[in-house]
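Everything below concerns the one structure shown next.
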Amino acid sequence: MNKERLIEIIEECNHTNDINVVIERAKEIAATKNPYHICDFAEFVTLSDHPTVMPILEDGMFATEDIVHCYEFAFCMADHGKKFNLKRFEDLIIDNDMAKLQYYFLECVKGCNTYNLFEAFKCCAPSKWLKAFAENEEVAQYNTAQNDEYLPNLIFWRENDEEKVKQEPNYPEKKAKVIKDAIKSRKPLSINDAAEYYAETPEEVNALFEAMMATDDLLHIYELYCSVPALTEEQKAIILDYIKNNNYLNSAKYMYYISEYTDLPAKEVAKMLKAAQKTGNTKYIKKIEKTLQSKLEEEAE
């Protein structure tokens, strides 16, 4: 299915009150197993959260077998006030021990079960994300008085465990195999994990960066930018240009994400805004405008 057909379907569904038409088009969208098509349909079709429609879209999203896209779907639905089975997505993230996505849920997804996510997060999070949690004022309400003592100790022991792994005699071979297998797999999640947790040299980072860019998967490329600080300024610039110039239907959403949820300076946010304005997506243009104003005020202080 191409972008033009997706637009036709969205417009058809928004010009009918016949729920059976929407159901049939939802099935057509879900059958593509394209997470962008499914999420765009769910976001832009007014009747997408009808109780006979949303389960079709949720099943379609799960069928992609891409846990990052499943998280983004849940975030997007919650952010737009859509009725969906949030617990189903929470359980997916918890059951797969995806600490980073559990952290994202706690920080960003409205209405989530913070207790269950927090308990799961503490059990599986690497030191990197435990530190991020401990330093993030937006999630401080989940950090009880007990955890004020518990988390620093947990971070200490988790760091020790991670260092022990790196000191094992076979670690260099293990690291090289993880990176090689990730690149060979062409799977964005594997590439991102290898870049985030295993890549140490500029050569390793670059090989994984090139592998990720070759996937042409906008969400995962954005995620690489967010979670791999070892990227060079040149690599970051390439990603920013990619986000500004991609051809996805809802590309302005990702321009907003990188403007709002990263440390992108105001001058770069202004460039994102200019790119977003070309899409005509007024919803996200307005969001980026607010982000730009906020960052300009912060930088002026």
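Computed from a predicted structure; not experimentally measured.
- Here His37 contributes atom NE2 and Glu28 contributes atom CD; the two are 10.0 Å apart, rounded to the nearest 0.5 Å.
- In plain terms, the two heavy atoms of Val109 and Ala78 that are nearest each other are CG1-CB, 3.9 Å.
- Ionic pairing of Lys267 and Glu299 is not present here: no N-O contact between side-chain nitrogen and carboxylate oxygen is shorter than 4.0 angstrom.
- Between Glu163 and Lys166 there is no salt bridge, since no side-chain N of the basic residue sits under 4.0 Å from a carboxylate O of the acidic one.
- For Tyr257 and Phe75, the ring centers are positioned less than 6.0 Å apart.
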Derivation and outcome, side-chain contact (heavy atoms from CB on, under 4.5 Å), residues Phe209 and Val228 = CA-CA 10 Å; Phe209 165 78; Val228 182; over 6 Å; no
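- Atom CG of Asn160 and atom CD1 of Ile155 lie 12.0 Å apart (nearest 0.5 Å).
- Distance check: Leu273 CG to Leu292 CG gives 6.0 Å after rounding to the nearest 0.5 Å.
- A donor-acceptor pair under 3.5 Å links the side-chain atoms of Ser48 to the main chain of Ala42, judged by distance alone.
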Pairs under 3.5 angstrom only: tabulate donor-acceptor contacts from the side chains of residues 18-26 to other protein residues two or more places apart or in another chain.
{"unit_1": "Asp18", "atom_1": "OD1", "unit_2": "Asn20", "atom_2": "N", "d": "3.0"}
{"unit_1": "Arg25", "atom_1": "NE", "unit_2": "Glu12", "atom_2": "OE1", "d": "2.8"}
{"unit_1": "Arg25", "atom_1": "NH2", "unit_2": "Glu12", "atom_2": "OE2", "d": "3.3"}

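- Taking both residues in full, the closest heavy atoms of Cys226 and Tyr104 are given as CB-OH, 4.5 Å, listed atom of the first, atom of the second, then distance.
- Transitive grouping of hydrophobic side chains (ILVMFWY, heavy atoms separated by less than 4.5 Å) keeps Phe156 and Leu130 in distinct clusters.
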Can you list the steps and then say if Lys295 with Asp263 is a salt bridge (Lys or Arg N to Asp or Glu O under 4.0 Å)?
-> CA-CA 9 Å; Lys295 293 204 172 187; Asp263 59 358; over 6 Å; no
Show your reasoning for whether side-chain contact (heavy atoms from CB on, under 4.5 Å) applies to Ile38 and His69.
-> CA-CA 10 Å; Ile38 298 168; His69 276 285; over 6 Å; no
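- Rounded to the nearest 0.5 Å, atoms OG (Ser185) and CD1 (Ile191) are 5.5 Å apart.
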Can you list the steps and then say if Phe41 with Cys13 is a side-chain contact (heavy atoms from CB on, under 4.5 Å)?
-> CA-CA 9 Å; Phe41 183 96; Cys13 290; 3.8 Å; yes
Show your working on side-chain contact (heavy atoms from CB on, under 4.5 Å) between Tyr225 and Leu264 and close with a plain yes or no.
-> CA-CA 11 Å; Tyr225 182 98; Leu264 199 67; 3.5 Å; yes
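- At most 12 heavy atoms of other shown residues, nucleotides or ligands fall within 6.0 angstrom of atom CG in Asn17.
- Cation-pi contact between Lys286 and Tyr284: absent, since separation from the ring centre below 6.0 Å together with deviation from the ring axis within 45° is not met.
- Ion pairing between Lys100 and Glu223 holds under the 4.0 Å rule for side-chain N and carboxylate O.
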Cut-off 3.5 Å, no hydrogens considered: what does the side-chain donor-acceptor table look like for residues 55-62, sequence neighbours left out?
{"unit_1": "Glu58", "atom_1": "OE1", "unit_2": "Arg88", "atom_2": "NH1", "d": "3.4"}
{"unit_1": "Glu58", "atom_1": "OE2", "unit_2": "Asn85", "atom_2": "N", "d": "2.8"}
{"unit_1": "Asp59", "atom_1": "OD1", "unit_2": "Arg88", "atom_2": "NH1", "d": "3.0"}
{"unit_1": "Asp59", "atom_1": "OD1", "unit_2": "Arg88", "atom_2": "NH2", "d": "2.8"}

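- Atom CD of Glu162 sits in a crowded spot, with more than 12 heavy atoms from other residues, nucleotides or ligands closer than 6.0 Å.
- Here the CD-SG distance, from Glu72 to Cys76, works out to 5.5 Å after rounding to the nearest 0.5 Å.
- Applying the salt bridge (Lys or Arg N to Asp or Glu O under 4.0 Å) rule to Lys187 yields no partners; only residues at least two apart in sequence or on another chain are considered.
- Counting non-hydrogen atoms of other residues, nucleotides and ligands closer than 6.0 Å to NZ of Lys274 gives a total of 12 or fewer.
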Only distances under 3.5 Å count here; give the side-chain donor-acceptor pairs of residues 169-180 to other protein atoms, sequence neighbours excluded, each with its distance to 0.1 Å.
{"unit_1": "Lys175", "atom_1": "NZ", "unit_2": "Glu200", "atom_2": "OE1", "d": "2.8"}
{"unit_1": "Lys175", "atom_1": "NZ", "unit_2": "Glu204", "atom_2": "OE2", "d": "3.1"}
{"unit_1": "Lys177", "atom_1": "NZ", "unit_2": "Asp181", "atom_2": "OD2", "d": "2.6"}

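- Panel note: side chain His50, backbone Thr52; a donor-acceptor pair is recorded below 3.5 Å.
- Taking the six-membered ring where the residue is Trp, the centroids of Phe121 and Phe133 are separated by under 6.0 Å.
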Phe89 and Phe73: CA distance, side-chain angles, deciding distance, ring pair (Phe, Tyr, Trp, His ring centres under 6.0 Å) verdict | CA-CA 9 Å; Phe89 289 85; Phe73 180 89; 5.4 Å; yes
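- Asp49 places no side-chain N or O within 3.5 Å of a backbone atom of Lys82 that could act as its donor or acceptor partner.
- Counting heavy atoms of neighbouring residues, nucleotides and ligands inside a 6.0 Å radius, atom CZ of Arg186 does not exceed 12 of them.
- When only modelled atom types and interatomic distance are considered, Tyr36 and Asp217 share a side-chain donor-acceptor pair under 3.5 Å.
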Quick one: do Lys3 and Glu8 satisfy salt bridge (Lys or Arg N to Asp or Glu O under 4.0 Å)? Show the steps, please.
-> CA-CA 9 Å; Lys3 184 170 70 173; Glu8 287 178 3; over 6 Å; no
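- Ring pair Tyr248/Tyr254: centre-to-centre distance not below 6.0 Å.
- Residues satisfying the side-chain contact (heavy atoms from CB on, under 4.5 Å) criterion with Asn14, sequence neighbours excluded, are Ile10, Val45, Thr46.
- The minimum heavy-atom distance between Val205 and Gln235, with the atom names listed, is CG1-OE1, 3.9 Å.
- Just one of Lys278, Met255, Gln277 meets the side-chain contact (heavy atoms from CB on, under 4.5 Å) condition when paired with Ile285; it is Gln277.
- With sequence neighbours excluded, no residue satisfies salt bridge (Lys or Arg N to Asp or Glu O under 4.0 Å) with Glu298.
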Intermediate values then yes/no, side-chain hydrogen bond (donor to acceptor under 3.5 Å, both in side chains), Asp193 and Tyr198 | CA-CA 8 Å; Asp193 283 350; Tyr198 289 92; over 6 Å; no
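- Trp157 and Trp129 are members of different hydrophobic clusters when ILVMFWY side chains are connected at heavy-atom separations under 4.5 Å.
- Residues Lys128 and Glu196 are paired through a salt bridge, judged by an N-O separation under 4.0 Å between the basic side chain and the carboxylate.
- For the 3.5 Å distance criterion, the side chains of Gln293 and Glu289 fail to qualify, holding no donor opposite an acceptor.
- Atoms CG and CD1, from Leu92 and Ile67 in turn, are 4.0 Å apart once rounded to the nearest 0.5 Å.
- Nearest approach of Gln102 to Cys124, heavy atoms of both residues: OE1-SG, 3.5 Å.
- Minimum interatomic distance between Leu224 and Leu231 (heavy atoms only, all atoms of both residues): O-CD1, 3.7 Å.
- Among all heavy-atom pairs drawn from Glu90 and Asn113, the shortest one is OE2-N, 2.7 Å.
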Can you check salt bridge (Lys or Arg N to Asp or Glu O under 4.0 Å) on Lys33 and Glu65, steps first, answer last?
-> CA-CA 9 Å; Lys33 294 186 179 181; Glu65 298 183 345; over 6 Å; no
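- Judged by distance alone, the side chain of Asn192 and the main-chain N or O of Pro188 form no donor-acceptor pair under 3.5 Å.
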